[in-house]
Protein chains: 2
Amino acid sequence: MPPHSRSHSARPATIKDVARELGISISTVSRAMRDFPDVNPATRQAVLQMAEQLDYQPNQVALSLVTKHAHSIGVIVPNLDYFFATAVRGIDEMALEAGYTVLTCQSNESYGREITNTQRLVNTRVDGLIVSLSSATSNVDHFRRLLLRGLPMVFFDRVGTDLEASKVVLDNKDGAVQAVGHLIEQGCRRIAFLGGPASLFISNQRQEGYLATLRAHGLPIIEELITHGEFDREHAYRATLQLLDLQPRPDAIFAMSDRLAVGALLALRERGVRVPEEVALVGFNDEPVMSLLTPSVSSVAQPAFDMGKVAAQLFIEMLNSDQSLPPQTVVLKPTLVVRESSLLRRG
Amino acid sequence: MPPHSRSHSARPATIKDVARELGISISTVSRAMRDFPDVNPATRQAVLQMAEQLDYQPNQVALSLVTKHAHSIGVIVPNLDYFFATAVRGIDEMALEAGYTVLTCQSNESYGREITNTQRLVNTRVDGLIVSLSSATSNVDHFRRLLLRGLPMVFFDRVGTDLEASKVVLDNKDGAVQAVGHLIEQGCRRIAFLGGPASLFISNQRQEGYLATLRAHGLPIIEELITHGEFDREHAYRATLQLLDLQPRPDAIFAMSDRLAVGALLALRERGVRVPEEVALVGFNDEPVMSLLTPSVSSVAQPAFDMGKVAAQLFIEMLNSDQSLPPQTVVLKPTLVVRESSLLRRG
DNA sequence: TTGTACGCGTTATCAA
DNA sequence: TTGATAACGCGTACAA
């Protein structure tokens, strides 16, 4: 049994308990706990020891009520797939170093839940928000209001175009340029684009890159090779089957995400189309699964971890400087990872 | 421009602002906001309208300082891979319904970070914790202390054996029994076990199931077919290569996780071993990738989403009942999903 | 039906 | 070097 076995097994000890037990004032305890210079070494000793004994730890709730500073970052992501889980890890890493706790919420790709999450986090007085928009979010007024109120916010990956805030984004267009450029180098001429929802900014940016590259190489833009739809494998599967019915059919598919690329691959397999010989394939995200597929699938790799890290970095800079900094936008470069699904010349 | 454009763009409105603006007391505002019966309808009307106008929302920090109730659940998971991301979604779902906010932290499989996360969450006065242990955690004193103090806690999946708390676990042994039983049915006789760290409880439970099934079928237990090691693909890859060097070599591999199964598959591919004809393979978790591999890999499916949901349910029940309920343990059943990698008799 | 006053646990200011 | 006290934003007896 411990020396002074704790009589209050329910209620955590407060600063008052420590003060009472020692017969001194709470202000002295407060100062001792925070290593203030003007406190008697003997007193500090005693306080620290008693705090240890009572297992006293400052109540952060009371603390943030006073300081209006919670030392926590609210993170809202659409889901926790590989990309976002990795990005959150990046945020986590950076935040931990700076002494912040990360509170992660999923909007589940729902506009309503994004709003709920936002309100909840703000009401618990997080110091600010790091956000990636849900795919259902087109109206960003709920964020704009907070921005006007002066709440520190950083957006990443899926960012709002007309939001005056700091952002960390991928050079999506460049990623598409790399992918399509590579396919053209491999000899492909009829390259299809498997897009996501037309409302999704990143989907459009990637499409832009696709179009620009075709133009740059003097290739025609064929409308029927450009598809849009839901952001899931099922849609990609059906769209690919349709593409394969065209005459002449495409000799390559560039999917704006790996999820779509997988759907495409399943369709290609089912039709017995040889990849890459008959149809080459490139995805976007470089999820771990891509290297395990047969054939392994080329993909544009995003620096997910770094995106999270940079977002947190920007965020912490905002907090540490008292003048409100002007919004910054950091653009990160993707890297094409070439695998079997798009290697034609030298296999 | 809005009617009464807000003059205090920085400071969020408080209950005082509403009261002052209306020339009434804060208690009246407080009551009106919370739909108390004994408040003049006209007054309530005015309060609600003014609250709207000032964009007033109760400060949860102050609120939980008073009520000692944060309406939030702290969740600590070792990582955010497919299984845990899904479980967290289950927790999220349940918690949202009950009006709780979920604050998720990753321990990153580190004992130290698990402790840090725990302290941070507790100090921000979450109402309790839902936890899955890091693989590096063998000492659970930090949780036991909180339990003694009366903090509501639910553990799931990776639970501590000697912890007096509610738990949600998978019937790991049964999962292994299903997997190994299936392999035996398919005609396999020399079945290897690819285990994780020997310290990991779930790894041992699965091994138990493996051993029990061999015994039940009168098959010999061959020590050299049982391996242990790190919880990663690389280890599984190397271990599999060693297994393949044995004389006679195994005709099946049961991996205690999909991550290990993938490592095994890579080794099998590299050696040109035909799956399942020469060596059959079954994993554990049923991650989406398993169905995409070539050959597709059989796996024991865990109800990850349900595990999260049930954990949250148990947690909320604890909070809602004032007497401290005795710890419950809910055991969920896994389901074997058979795919190409283990289908021998009828392909 | 409404208002006053106290307390939640802490920091900060000022006085001793 | 230490202590008393106001304040943070809110809920809640108790009084009016």
Side-chain angles (χ1 to χ4, degrees), chain A residues 8 10-48 50-51 54-72 119-120 122-127 149, chain B residues 8 10-48 50-51 54-72 119-120 122-127 149:
Chain A
H8 45 268
R11 188 175 56 82
T14 75
I15 197 172
K16 286 184 188 171
D17 298 323
V18 179
R20 182 167 20 75
E21 212 72 13
L22 249 39
I24 60 179
S25 79
I26 61 169
S27 359
T28 303
V29 175
S30 172
R31 281 187 282 252
M33 291 295 295
R34 286 175 300 155
D35 273 337
F36 270 41
D38 56 352
V39 50
N40 190 315
T43 313
R44 184 199 327 285
Q45 225 356 282
V47 168
L48 260 35
M50 182 57 71
L54 298 180
D55 193 20
Y56 163 68
Q57 274 158 317
N59 181 333
Q60 297 297 326
V61 174
L63 209 158
S64 48
L65 181 59
V66 171
T67 63
K68 296 170 171 307
H69 200 22
H71 263 267
S72 64
Q119 270 185 5
R120 289 256 177 96
V122 169
N123 289 350
T124 58
R125 299 300 191 266
V126 292
D127 294 327
R149 192 197 267 183
Chain B
H8 44 267
R11 189 174 56 81
T14 75
I15 198 172
K16 285 184 191 171
D17 297 324
V18 179
R20 184 168 16 76
E21 212 72 12
L22 250 38
I24 60 178
S25 80
I26 63 167
S27 23
T28 303
V29 175
S30 170
R31 284 186 281 251
M33 290 295 295
R34 286 173 304 151
D35 273 337
F36 268 43
D38 57 350
V39 51
N40 190 316
T43 314
R44 186 203 321 290
Q45 222 2 278
V47 167
L48 259 36
M50 181 56 72
L54 299 180
D55 193 19
Y56 164 66
Q57 275 158 315
N59 180 333
Q60 297 296 327
V61 174
L63 210 157
S64 51
L65 182 58
V66 171
T67 63
K68 295 171 172 307
H69 200 24
H71 264 268
S72 63
Q119 270 186 5
R120 290 254 178 96
V122 169
N123 289 349
T124 59
R125 298 300 190 267
V126 291
D127 295 326
R149 193 196 267 182

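Order of the sequence lines sets the chain letters (A, B, ...), proteins ahead of strands, with each chain counted from 1. On a predicted model such as this, the values are computed, not experimentally measured, just so you know. When reading the values below, keep in mind they use all heavy atoms of this one structure, side chains included, and skip hydrogens, waters and symmetry mates.
At least one donor-acceptor pair under 3.5 Å links the side chain of B:D17 to the backbone N or O of B:T14.
Helix bend of the helix from C:dT1-D:dA16 to C:dA16-D:dT1: the angle between its two end axes, each built from five pairs, comes to 50° after rounding to 10°.
Across all their heavy atoms, A:A19 and A:S25 have their closest contact at CB-C, 3.9 Å.
Distance A:L65 CG to C:dG7 C1': 12 Å, rounded to the nearest Å.
Checked by atom type, the side-chain pair A:D127/A:H69 shows a donor-acceptor distance below 3.5 Å.
If you find the closest nucleotide of DNA chain C to A:Q60 and to B:R44, the one lying nearer the 5' end belongs to B:R44.
For B:N59, taking side-chain heavy atoms from C-beta onward, the closest of the listed nucleotides D:dT1, C:dC8, D:dG9 is D:dG9. Side-chain proximity of B:I24 to C:dG9, D:dG3, C:dG3: nearest is C:dG3. Ranking C:dT2, D:dG3, D:dC8 by closeness to the B:V39 side chain, first place goes to C:dT2. Among the nucleotides D:dC10, C:dG9, D:dT1, the one closest to the side chain of B:A62 is D:dC10.
Expressed to the nearest 0.5 Å, how far CE of B:M50 lies from CE of B:M33 amounts to 12.5 Å.
Residue A:K16 has no polar side-chain atom (N or O) positioned under 4.0 Å from OP1 or OP2 of C:dT10.
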If you restrict it to nitrogen or oxygen atoms, what contacts under 3.5 Å exist between nucleotides 11-13 of chain D and the protein, and what is each distance?
unit_1 : atom_1 : unit_2 : atom_2 : d
D:dG11 : OP2    : B:S30  : OG     : 2.9
D:dT12 : OP2    : B:R34  : NH1    : 3.0

Walk me through whether A:R120 and A:T124 qualify under side-chain hydrogen bond (donor to acceptor under 3.5 Å, both in side chains). CA-CA 6 Å; A:R120 289 256 177 96; A:T124 58; over 6 Å; no
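Nucleic acid contact for B:T43: sugar-phosphate only, since backbone atoms but no base atoms lie under 4.0 Å from a heavy atom of the residue. Using a 4.0 Å heavy-atom distance criterion, A:D38 is classed as a base contact.
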